[in-house]
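Positions are given from 1, in the same order as the sequence printed here. What you see is a predicted model; the values in this text were computed from it and never measured. The figures here come from the full heavy-atom set of this structure, side chains too, leaving out hydrogens, waters and symmetry mates.
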Amino acid sequence: MEVKAKIAPSMLSSDFANLASETQRMLNSGADWLHMDIMVLHFVPNLTIGAPVIESLRKHTTAYLDCHLMVTNPIDYVEPLGKAGASGFTFHVETSKDNWQELIQRIKSLGMRPGVALKPGTPIGDVYPLVEAEAPVEMVLVMTVEPGFGGQKFMPEMMDKVRILRKKYPSLDIEVDGGLGPSTIEMAASAGANCIVAGSSVFGAPEPAEVISLLRNSVQKAQQKC
């Protein structure tokens, strides 16, 4: 089964004062998903958005809201985000080693798509049980920077994790987040990533649609070579 290219602009780089219009601007530019970084000063030292913002944004769009939970207790956020209208709920394996089975079940019970993320220093093998479980996650997010802040430099050594995942799980959605743009997309695409999170490279571009198209084309060309 071929996995589809999905380009997810990171709304962390958007104008928060105009989030609804920024959302529409990204969708008009060809975005497949909207990546929502949720941080609450635990697990990462930053504060961004939470369920109330997701709920407000949901009133203005039917888009897929790809929520990345950088929190120490993700299970506490499942019900609020489910009620708010989140589409995907990606939690960190580092914070969920004792309760990931219950966490996945709760996420699915509220109609969201479960995913698992891992920091650069976390071994890729830590996510295997979650992908291979009876009730598995449906996406793995490989962080290509340290989580917590936008605008960081892409870490090419993380592509080894992506290559291992793609070889082991050919039909898995594999997402990469951090430093993705025209200069780094070829590395990610050729390694096997199909879900691309891009923040400043999209929002900082004169023509976001051109960047989104470039990212998608890179993934599709890499898939054709496989």
Side-chain angles (χ1 to χ4, degrees), residues 1-8 10 33 35 37-39 42-44 66-75 88-105 107-108 112-150 152-181 183-199 215 218-219 222-223 225-226:
M1 181 178 119
E2 183 182 351
V3 289
K4 292 184 178 180
K6 302 178 184 77
I7 311 304
S10 174
W33 292 354
H35 191 76
D37 288 304
I38 296 174
M39 316 178 204
H42 291 277
F43 187 66
V44 293
D66 177 35
C67 296
H68 175 198
L69 280 288
M70 286 169 270
V71 299
T72 53
N73 52 336
I75 203 161
F89 187 111
T90 298
F91 57 90
H92 268 264
V93 68
E94 299 90 356
T95 67
S96 312
K97 292 184 177 179
D98 296 328
N99 66 346
W100 59 264
Q101 291 172 313
E102 179 187 0
L103 184 52
I104 293 171
Q105 289 173 348
I107 292 167
K108 289 188 173 183
M112 295 179 289
R113 191 168 184 256
V116 64
L118 67 160
K119 296 170 68 175
T122 301
I124 192 62
D126 285 10
V127 304
Y128 294 169
L130 286 71
V131 179
E132 298 172 9
E134 186 174 340
V137 293
E138 298 176 29
M139 183 177 77
V140 175
L141 166 53
V142 176
M143 292 299 298
T144 48
V145 297
E146 289 293 337
F149 295 91
Q152 296 183 64
K153 188 176 179 181
F154 177 82
M155 299 169 70
E157 60 270 28
M158 293 302 107
M159 294 305 95
D160 286 341
K161 293 181 178 180
V162 176
R163 277 187 282 271
I164 291 168
L165 282 174
R166 179 56 67 213
K167 184 176 181 180
K168 192 173 179 66
Y169 309 111
S171 62
L172 179 68
D173 271 336
I174 301 174
E175 188 169 61
V176 285
D177 181 4
L180 273 302
S183 65
T184 54
I185 184 58
E186 294 293 341
M187 285 184 279
S190 63
N194 68 295
C195 301
I196 311 298
V197 178
L215 298 176
S218 293
V219 173
Q223 290 177 335
K225 292 177 181 179
C226 294

| query | Do Arg166 side-chain atoms and Leu172 backbone N/O form a donor-acceptor pair below 3.5 Å? | reply | yes
| query | Would you say the side-chain atoms of Glu146 pair up with the backbone N or O of Pro120, donor to acceptor, closer than 3.5 Å? | reply | no
| message | Is it true that Asp37 and His35 share a donor-acceptor pair across their side chains at a distance under 3.5 Å? | response | yes
| request: Answer yes or no: is there a donor N or O on one side and an acceptor on the other, between the side chain of Asn194 and the main chain of Lys4, under 3.5 Å? | output: yes
| field | Gap between atom NZ of Lys6 and atom CD of Glu175 - 0.5 Å precision | value | 9.5 Å
| request: Quick one: pull up CD1 in Ile38 and OG1 in Thr90 and give me the separation to the nearest 0.5 Å. | output: 10.0 Å
| query | Hey, is the main chain of Pro136 close enough, under 3.5 Å, to the side chain of Lys108 for a donor-acceptor pair? | reply | yes
| Thr144 side chain reached by Met159 side chain, heavy atoms, under 4.5 Å | yes
| field | Gap between atom CG of Asp126 and atom CD of Glu94 - 0.5 Å precision | value | 7.5 Å
| request: Begin with the C-alpha distance, continue with both residues' side-chain angles, and end with the deciding distance and a verdict on side-chain contact (heavy atoms from CB on, under 4.5 Å) for Trp100 and Val93. | output: CA-CA 8 Å; Trp100 59 264; Val93 68; over 6 Å; no
| request: Quick one: pull up CG in Asp66 and CG in Asp173 and give me the separation to the nearest 0.5 Å. | output: 9.5 Å
| request: Look at the side chain of Ser96 and the backbone N and O of Phe91, then say whether any donor-acceptor pair between them is shorter than 3.5 Å. | output: no
| query | Is there side-chain contact between Leu69 and Thr95, with at least one heavy-atom pair below 4.5 Å? | reply | no
| remark: Heavy-atom closest pair (Ala198 atom, Leu215 atom, distance to 0.1 Å) is CB-CD1, 3.9 Å
| note | Smallest heavy-atom separation, Thr184 atom then Gly179 atom, equals OG1-O, 2.9 Å
| note | All heavy atoms of Lys161 vs all of Leu118, minimum pair found to be NZ-CD1, 3.8 Å
| query | Which pair of heavy atoms, one from Pro74 and one from Phe89, lies closest together, and at what distance? | reply | O-CZ, 3.4 Å
| query | Just how far is it from atom CZ of Arg163 to atom CE of Met158, taken to the nearest 0.5 Å? | reply | 11.0 Å
| query | Counting only N and O atoms by type, is there a donor-acceptor contact under 3.5 Å from the side chain of Ser218 to the main-chain atoms of Glu186? | reply | no
| task | Starting from the C-alpha separation in whole Å, work towards a yes-or-no answer on side-chain contact (heavy atoms from CB on, under 4.5 Å) for Val131 and Val137. | result | CA-CA 5 Å; Val131 179; Val137 293; 3.9 Å; yes
| request: Mind listing the closest non-hydrogen atom pair of Ala5 and Val219 along with its distance? | output: CB-CG1, 3.6 Å
| For Leu180 against Ala188, the heavy-atom pair lying closest together | CD1-CB, 3.8 Å
| task | To the nearest 0.5 angstrom, please state how far the CD1 atom of Ile104 sits from the CG atom of Leu130. | result | 4.5 Å
| request: Would you tell me whether Ser10 and Asp177 have side-chain atoms, one donor and one acceptor, within less than 3.5 Å of each other? | output: no
